[in-house]
Visitor: 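Structure provided below as structure tokens; questions to follow.
Counting starts at 1 for both ligands and their atoms, following the listed order.
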Amino acid sequence: MRVMEKVGMILKLGYVCDHCLGRQFAQLLEGYSNDERGRILRKAFLMNADAQRKIDIDKANITEQFHSEELKKTVKRSKKKSKCIVCGGLFEGIDKWTKKIKKAVKGVEFNTFLVGTKLNADLIDREERLWEKVGIDFCEPIKAEINRETGKRVERALGKRADLESPDINIILNFSTGRVKVEKNPLFIYGEYQKLRRGIPQTIWPSGKYKTSVQQIIAKPVMAATRGEWHKFHGAGREDIDARCLGWRPFVLEITEPSKRRLQLKALQKKINKSKSVQVRRLRKSGIKEVRALKQARPLKTYSALVKTGKDISRKDLKKLKKLVGEIQQRTPSRVSHRRANRRRKRKVRKLRTKYKDKRRFLLTVETVAGTYIKELISGDNGRTRPSVAELLGTKCVCEQLDVIKIGKLK
Ligand SMILES: [Zn+2]
């Protein structure tokens, strides 16, 4: 269908505003707003009519004075303003929405936003009926235009930036109720922590068995500063509750519905580091993408374990443990098998060092790939891990104390 033919069809249906006219040609020529397209097409159509000295559209659409005598006599420029049969004058009301938005975001700290709309069924109906009549070859849905046009005005009025990817807040306009809703998107803070004491879980313990956690210690001052609703903790793996983590473990703390986003991270770090159990460093703003990367990362980890043996051992016996370097087979440990699928995994011990303490105790330092169960590497877990320290020494072995001493780079 030719463009002008289609313009004529649309303008025949009743008064159609520049936005709604232009939107049916939204995919033609870059760099114009729909109301600019509408204005250009309306004028060009009327010019054409003037040249042919005939016109057959709804009179409310005639906004220009004709030059040809024939049309001048018979067709008058429309004086009174009509209501658009598609949007019902919605675009003229956008400034009213901007005012409402200004009010709704009062007290909410943000730099970036995204506008979304809930349209009423009538409006969608009217748009669809128009499409049935004139086709959809170059059009854009009205929702897209409202969101964009409102976004532009909010940018100007509030000096904030529209961001389609990860906005600080979502501004939802509800055209049925006339209300504006502001959704505060979560705030993400990256950091690295050390856990200096045993007996503290990484995340909040549901039953209340443990009074605190790495998560709570870190989140407390952050919650006070952001006035958020709640927090989630995403760690790059986790150490056992009874193990210390002396290496720096990356994490992302997620704060839901924060009212404050401008944070003094240095000051927050100082506050957290008053804790004797947990220390943090390298705090910075982060995002959901980093959370995903963190969950998938498989960094190398170095552990230090104090091993207790069932019978006396010599320094010479410890040399046998060199055989552990290389591939090992590990079934899901019996202590976690109630919550994890029982699978056999290949793991790698990359380096191993021992330090003799006394006849029944020695220090074992191992570098492994993430996911290796160290306590089972020592005890053998009734043959579920092979080979193991216990198997190679030919005696029962128990991990008495465990520390994570280094976490390698996340890949
Ligand atoms: Zn309209």
Visitor: At a cut-off of 2.8 Å, what protein N/O/S atoms sit near the Zn ion (ligand 1)?
Guide: Cys17 SG, Cys20 SG, Cys84 SG, Cys87 SG
Visitor: Taking Ser68's backbone N and O only, do any of them form a donor-acceptor pair with Asp50's side chain (distance below 3.5 Å, no angle check)?
Guide: yes
Visitor: Just to verify, what does Phe66 make a ring-ring contact (aromatic ring centres under 6.0 Å, His included) with, not counting sequence neighbours?
Guide: none
Visitor: If the test is salt bridge (Lys or Arg N to Asp or Glu O under 4.0 Å), which one of Arg384, Arg335, Arg347 qualifies with Glu376?
Guide: Arg335
Visitor: With a 6.0 Å cut-off on the ring centroids, do Trp97 and Phe91 count as close?
Guide: no
Visitor: Assess the side chains of Lys184 and Ser259: does a donor N or O sit below 3.5 Å from an acceptor N or O?
Guide: yes
Visitor: Are Arg161 and Asp168 ion-paired here, with the side-chain N under 4.0 Å from a carboxylate O?
Guide: no
